[in-house]
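In what follows, a single structure is set out as structure tokens and then discussed.
All of these numbers come straight from a predicted model, not from anything done at the bench. The chains referred to below are lettered A, B, ... by the order of the sequence lines, with proteins before strands, and numbering in each begins at 1.
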2 protein chains.
Amino acid sequence: MKTTAKGASALPLNTILSGDCVEAMNALPENSIDLIFADPPYNLQLKGDLHRPDNSRVDAVDDHWDQFASFEAYDRFTRAWLKAARRVLKPNGAIWVIGSYHNIFRVGAALQDAGYWILNDVVWRKSNPMPNFRGKRFTNAHETMIWASKNEGAKYTFNYEALKSLNEGVQMRSDWVLPICNGHERLKDDNGDKAHPTQKPQSLLHRVLVGSTNPGDVVLDPFFGTGTTGAVAKMLGRDFIGIEREEAYRKVAEARLKSIRKFDKETLEVSTSKRAEPRVPFGQLVERGMLRPGEELFSMNNRHKAKVRADGTLIGGDVKGSIHQVGAALEGAPSCNGWTYWCFRKDGKTIPIDVLRQQIRSEMG
Amino acid sequence: MKTTAKGASALPLNTILSGDCVEAMNALPENSIDLIFADPPYNLQLKGDLHRPDNSRVDAVDDHWDQFASFEAYDRFTRAWLKAARRVLKPNGAIWVIGSYHNIFRVGAALQDAGYWILNDVVWRKSNPMPNFRGKRFTNAHETMIWASKNEGAKYTFNYEALKSLNEGVQMRSDWVLPICNGHERLKDDNGDKAHPTQKPQSLLHRVLVGSTNPGDVVLDPFFGTGTTGAVAKMLGRDFIGIEREEAYRKVAEARLKSIRKFDKETLEVSTSKRAEPRVPFGQLVERGMLRPGEELFSMNNRHKAKVRADGTLIGGDVKGSIHQVGAALEGAPSCNGWTYWCFRKDGKTIPIDVLRQQIRSEMG
DNA sequence: TGAATCTGTGAATCCTACA
DNA sequence: GTGTAGGATTCACAGATTC
């Protein structure tokens, strides 16, 4: 075990501590940690089973460690670990906490109440989230991270240029598009099932650690799970301390960490991969007022016309549907690219709607 | 002024009320509003009408006195208006609140504490945010909205198909990419300066109102500002009630609303789901002679078959029951949509029975 | 061997009309 | 109110299988 040179208060670097995270943190020396990354239980309050349209059952997060009796109980838990975390943090240290709408508002308020100073909230936009199967809500396509310093005015670490390079030379924004953790990166248990229900992708931690720590910094994760924080910290030449109650997770994490080498090149590539050209739904032209509901569109060949509706569909004759569907129906064709088929009139001129799409794309950078 | 027909408790539809939003909401009848959209201030320097904290708090940590005082004052303000808002909301009504990391965590926790049930948090991802000039943090490129029903289990409005249409046929996600309000949409005062510091884009309200209200619904905005909510509500054929303290904003909003026209009815119709279509009992297909008793049906995957009985039930193997029950039993599935599961044969072709249901529905007009 | 197709799955507060 | 049963509902990938 590598430790610091402070004798009795030496840090148990690059190890996984067992037990309750509050007790474990209270056993660490104060003002000793550079960064905390915390992925606490979300307190999902799931009722019955959920099935996909193909009748397969969703493997939900129903683990005992995510069960709390009430919001009050969750708040007590949150305030306790945030207090212990703040004690061990160096004056210029910082914390990241990730959560969903079930818990993140309570966590954010508790952070502020405990004296932390929020620097940003950062949205992880999932490129491949699980859909909403029953069509009753929006696809839950993101999670929220809060980045906060120990105090207002603290000199926290922020590697602006490194993040800018990660983002192709443009300054990093508060919304990050990254895929969820699956494929070979997803750890499996002996039965071939997922080893942990909520394993985070390494790309997420890569960006967090590159952005808010320096090599040699000590990173603490009080909800270590299968050790993504430790794995990325090791790759990037940071020291880590993990705390995890469940022995099964600790064992998986230990094995994982043994196989990790510093500066794993593959991971760097994953975290910097580009995304494809953004899809622009026709509905955005309506929402943005570029086309008004009720406005008429004309086909390229000028043989057909259709009216725009408030939900971004068209109505032409007795056909309703997307710009593609209505175009295809009117032409009697199996398919139709509505973007190049339909035009609108402005100042006597006929302009393809694709021009508007280009405009939106250029704004999106 | 258009009002409802309830005499003394008539709603002041399509008007802007002046004064404090809590008092104004308390003067409205309870259970009368379909949707609330709120863009509360997140400036923590609240005015003198908010109480100072009790002395017992002050001795905690000197440096945090202001901070704690501000958060507490903001919480009192938030809980007061959320309570008044909840009283006027119909049992199946819903609320949207927008904010940034300065206030949204406190608002979210207060919503949950007040008994609202969070349905989604939605991220407005700004396509053209202001950059971070000092390079000390991430570009603050998003704001967060919380969508909540009045109670757990309430039957809130969600126009799933309309939103899906707006998004080019793919279900709408919890992250919305929309530009900030500028250009000619941005209202200016007499000096040519922006009339309101945080005017929201109409595109944002368009999506909110298309998604979570129906034509004729009453939308309340307790922090009306320059009236974006009212403007979009009017265009979309919804009624609105605005509340705004500042006379300058009210005047700008009044002028703005006068110039707005409602879209025509045809374009306000949105795509609806199958759930909204009339139910057709399978027995009708038998009664009408579209299927004969004794005729054989085949499962979609061609692995099972069943016989139609005179009472509109099926018998397949030793299983008797509805088209759904028999399908579920044969597949060993928890449930089955018999309409899309079973096919009949005609002239050598295999045709889903759902085609017959469509036929009946179209005859029903 | 490569292309096309099929199958599985991910932090989810996921139905509702009618008797 | 509660219980029963009809029947509506999915996107992006990765990996396996088939042609």
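Nucleic acid contact class of B:Phe282 (heavy atoms, under 4.0 Å, all strands): none. Within the nucleic acid shown, B:Asp121 has no heavy atom closer than 4.0 Å to any nucleic acid atom. Within 4.0 Å (heavy atoms only), B:Cys336 reaches at least one base atom of the nucleic acid. Residue contacts for B:Ser273: at a heavy-atom cut-off of 4.0 Å it reaches the sugar-phosphate backbone alone, with no base atom in range. Using a 4.0 Å heavy-atom criterion, one finds that B:Val170 contacts the sugar-phosphate atoms exclusively. B:Pro281 comes within 4.0 angstrom of no nucleic acid atom, judged by non-hydrogen atoms across all strands. Within the nucleic acid shown, B:Ile118 comes within 4.0 Å of at least one base atom, counting heavy atoms only.
Using modelled atom types, one side-chain atom of B:Asn301 and one backbone atom of B:Arg303 make a donor-acceptor pair closer than 3.5 Å. Checking side-chain atoms of A:Lys126 against main-chain N and O of A:Leu178 turns up no donor-acceptor pair under 3.5 Å. In terms of modelled atom types and a separation under 3.5 Å, the side chain of A:Gln202 and the main chain of A:Cys181 share no donor-acceptor contact. No donor-acceptor distance shorter than 3.5 angstrom exists from the side chain of B:Asp354 to the backbone of B:Thr340, with no hydrogens or angles considered. The main-chain N or O of A:Val107 is never found under 3.5 Å from a side-chain atom of A:Asn103 such that the two would form a donor-acceptor pair.
In this structure, A:Trp339 and A:Phe282 have perpendicular ring planes: the angle between them is above 60°, well past the 30° mark.
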Inset, instruction - Before giving the answer on salt bridge (charged side-chain N to carboxylate O under 4.0 Å, His left out), spell out for A:Asp39 and A:Lys200 the whole-Å C-alpha distance, their side-chain angles and the decisive distance to 0.1 Å. - result: CA-CA 9 Å; A:Asp39 182 10; A:Lys200 296 292 176 289; 3.0 Å; yes
Inset, instruction - Could you walk me through whether A:Lys194 and A:Asp189 pass the side-chain contact (heavy atoms from CB on, under 4.5 Å) test, one step at a time? - result: CA-CA 6 Å; A:Lys194 55 191 175 189; A:Asp189 64 18; over 6 Å; no
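In this structure, A:Arg125 fails the cation-pi test against A:Trp176, since its NZ or CZ atom is not both closer than 6.0 Å to the six-membered ring centre and inside 45 degrees of the ring normal. Note that A:Arg137 lies outside the cation-pi zone of B:Phe158, set by a 6.0 Å cut-off to the ring centre and a 45° limit from the axis. Geometrically, A:Arg106 engages A:Phe71 in a cation-pi contact defined by less than 6.0 Å to the ring centre and at most 45° from the axis.
Protein atom CG of A:Asp54 is 9 Å distant from nucleotide atom C1' of C:dT7, rounded to whole Å. Here D:dT10 presents its C1' atom at 16 Å from CE of B:Met172, a figure rounded to the nearest Å. Distance, A:His51 NE2 to C:dG8 P: 15 Å, rounded to whole Å. We find that CG of A:Asp62 is positioned 12 Å from P of C:dG10, with the value rounded to whole Å. When rounded to the nearest whole Å, the span between CD1 of B:Ile353 and C1' of D:dG7 equals 11 Å. What separates CZ of A:Arg125 from P of D:dC11 is a distance of 17 Å, to the nearest Å. Note: CZ (B:Arg173) to P (D:dA12) measures 8 Å, nearest angstrom. One interatomic measurement links the two molecules: CD of B:Gln171 to C1' of D:dA12, which rounds to 12 Å at whole-angstrom precision.
Using a 4.0 Å cut-off between charged side-chain N and carboxylate O, B:Glu161 and B:Arg275 make no salt bridge. Using a cut-off of 4.0 Å between Lys/Arg side-chain N and Asp/Glu carboxylate O, B:Glu277 and B:Arg361 are scored as salt-bridged.
Contact check, B:Arg357 against D:dA8: a side-chain N or O comes under 4.0 Å of OP1 or OP2.
With C:dG10, D:dC11, C:dA12 as the choices, the nucleotide that has an atom nearest any side-chain atom of B:Lys164 turns out to be D:dC11. The nucleotide whose nearest atom lies closest to any side-chain atom of B:Trp339 is, among D:dT10, C:dT9, D:dG7, D:dG7.
The side chain to side chain donor-acceptor pair (under 3.5 Å) test with B:His142 is passed by exactly one of A:Asn120, A:Thr144, A:Asp175, A:Asp121: A:Asp121. Tested against A:Phe224 for a ring-ring contact (aromatic ring centres under 6.0 Å, His included), the candidates A:Tyr249, A:Phe240, A:Phe37 yield a single pass: A:Phe240.
In DNA chain D, consecutive stretches of 3 or more Watson-Crick or G-U wobble pairs with both distances under 3.5 Å are given as paired ranges: C:2-10 with D:11-19, C:15-19 with D:2-6.
Taking 4.5 Å as the limit, every side-chain heavy atom of B:Trp342 sits out of range of all side-chain heavy atoms of B:Phe298. Contact of the A:Thr226 side chain with the A:Arg250 side chain is not registered, since no non-hydrogen atoms from C-beta on lie closer than 4.5 Å.
Comparing the same atom, P, in D:dT9 and in C:dA17 gives a spacing of 14 Å after rounding to whole Å. Going from the C1' atom of D:dT10 to that of C:dG8 covers 13 Å, rounded to whole Å. With C1' as the reference atom, C:dT1 and D:dT18 are 13 Å apart, rounded to whole Å. Atom name C1', nucleotides C:dC14 and C:dG10: the rounded distance is 15 Å, in whole Å.
Residues B:Gly169 and A:Asn55 both approach DNA chain D. Their nearest nucleotides, taken by heavy-atom distance, put A:Asn55 toward the 5′ side.
Take A:Lys47 and apply the side-chain hydrogen bond (donor to acceptor under 3.5 Å, both in side chains) test, not counting sequence neighbours, and it matches B:Glu152.
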Would you tabulate the nitrogen or oxygen pairs shorter than 3.5 Å linking the protein to nucleotides 1-5 of chain D?
none

Legend entry - Sequence-aligned protein contact record of nucleotides 14-19 of chain D, with B where the base is within under 4.0 Å of a protein heavy atom and S where only the sugar-phosphate is: SS----
Inset, instruction - Indicate for each nucleotide in nucleotides 14-19 of chain C, in 5' to 3' sequence, whether protein heavy atoms under 4.0 Å reach the base (B), only the sugar-phosphate (S), or nothing (-). - result: BSS---
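The stretch residues 191-201 of chain A touches DNA chain C through A:Lys194, A:Pro197, A:Thr198, A:Lys200, each having a heavy atom within less than 4.0 Å of the strand.
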